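These notes concern the structure reproduced below.
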Amino acid sequence: MTELNKRLGSMDYDGLIADIYPKLVVSGGTIRKLAEAATIKRGTILAKSSGTSGDGKLVVLGTAASGDTETLTAYAILCDDVEVGTTDDVTVPVYLAGCFNLNKCVTINDHTITEAEKDALRNGGIFFKAAAPAL
């Protein structure tokens, strides 16, 4: 009975999640292996590969399509940092819906998110709003 009020850990607020509505929806996705191993950070916006040469895998938004017949559509936001190598694809947790602070989201090579990409995310349930600074 003496340990009913014990601290188990702590968490730093990173400002990625801006609101509790709409409700967060987390699912799994597969990030395509990279040409050069790298760490992809939490909050990275991911695009899904589709089209004739698409494979249904995820890449960082701003990545160039691998041909004229691949389409990359803004799709999800990465939940946690992940190491992606050069030999295997990686299964990761992603946010499919929720309200996020766009200023805390990451893209490749400082890619500027277009209105069409914001629309694709919004159609999937991902919304952006400015978050109040953490105290």
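Note: hydrogens, waters and symmetry copies are ignored here, and every other heavy atom, side chains too, is used. All figures in this text were calculated on a predicted structure; none of them were measured in a lab.
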> Going by distance alone, is a donor N or O of one side chain under 3.5 Å from an acceptor N or O of the other, for Glu70 and Ser53?
Replying inline: no
>> Which Ile, Leu, Val, Met, Phe, Trp or Tyr residues join Leu72 in one cluster when any pair of side-chain heavy atoms under 4.5 Å counts as a link?
In response: Val59
>> To the nearest 0.5 Å, what is the distance between NZ on Lys48 and CG on Leu61?
In response: 15.0 Å
>> Ignoring hydrogens, what is the shortest heavy-atom contact between Leu102 and Lys118? Give both atom names and the distance.
In response: CD2-CE, 3.7 Å
> Which pair of non-hydrogen atoms, one from Phe128 and one from Cys105, has the smallest distance, and what is that distance?
Replying inline: CE2-SG, 3.8 Å
> Applying side-chain hydrogen bond (donor to acceptor under 3.5 Å, both in side chains), which residue pairs with at least one partner in residues 72-86 are found, sequence neighbours left out?
Replying inline: Thr39-Glu83
>> Please tell me whether Thr52 and Thr69 have a donor and an acceptor in their side chains that are separated by less than 3.5 angstrom.
In response: no
> Can you hop from Ile45 to Val106 via hydrophobic side chains spaced under 4.5 Å?
Replying inline: no
> What's the shortest heavy-atom distance between Ala120 and Ala74, and which atoms?
Replying inline: CB-O, 3.8 Å
> Given Lys129 and Asn101, is the side-chain contact (heavy atoms from CB on, under 4.5 Å) satisfied, shown in steps?
Replying inline: CA-CA 5 Å; Lys129 124 178 170 180; Asn101 181 352; over 6 Å; no
>> Please tell me whether Val90 and Ile40 are part of a single hydrophobic cluster in this structure, the criterion being side-chain heavy atoms less than 4.5 Å apart.
In response: yes
> So if you build clusters from Ile, Leu, Val, Met, Phe, Trp, Tyr with side-chain heavy-atom gaps below 4.5 Å, do Ile113 and Val60 land together?
Replying inline: no
> Mind checking whether Leu16 and Val25 sit in one hydrophobic cluster, side chains of I, L, V, M, F, W, Y counted as touching below 4.5 Å?
Replying inline: no
> Going through the checks in order, is the side-chain contact (heavy atoms from CB on, under 4.5 Å) test met by Cys79 and Val26?
Replying inline: CA-CA 8 Å; Cys79 292; Val26 178; 3.9 Å; yes
> More than 12 foreign heavy atoms under 6.0 Å from CG of Asn109: is that the case here?
Replying inline: no
>> With a 4.5 Å cut-off on side-chain heavy-atom distances among I, L, V, M, F, W and Y, is there a chain of contacts connecting Ile126 to Leu24?
In response: yes
> Are side-chain heavy atoms of Pro93 and Ser27 found at a separation under 4.5 Å?
Replying inline: no
> For the atom pair CD1 (Ile31) and CG (Leu46), what is the distance rounded to the nearest 0.5 Å?
Replying inline: 5.0 Å
>> Return the CD1 to OG1 distance between Ile108 and Thr63, rounded to the nearest 0.5 Å.
In response: 4.0 Å
> Is the shortest distance from a Lys or Arg side-chain nitrogen in Lys104 or Asp14 to a carboxylate oxygen in the other one below 4.0 Å?
Replying inline: no
> How far apart are the C-alpha atoms of Arg42 and Leu78, what are their side-chain angles, what is the distance that settles it, and do they pass the side-chain contact (heavy atoms from CB on, under 4.5 Å) test?
Replying inline: CA-CA 5 Å; Arg42 168 181 162 79; Leu78 187 62; 5.8 Å; no
> Given the side-chain rings of Phe100 and Tyr95, with only the six-membered ring counted for Trp, is the space between their centroids under 6.0 Å?
Replying inline: yes
> How close do Ser49 and Gly54 get, heavy atom to heavy atom, and via which atoms?
Replying inline: OG-CA, 3.1 Å
> Going through the checks in order, is the side-chain contact (heavy atoms from CB on, under 4.5 Å) test met by Leu58 and Val94?
Replying inline: CA-CA 10 Å; Leu58 304 174; Val94 295; 4.1 Å; yes
> Minimum heavy-atom separation for Gly85 to Ala37, with atom names?
Replying inline: CA-CB, 4.0 Å
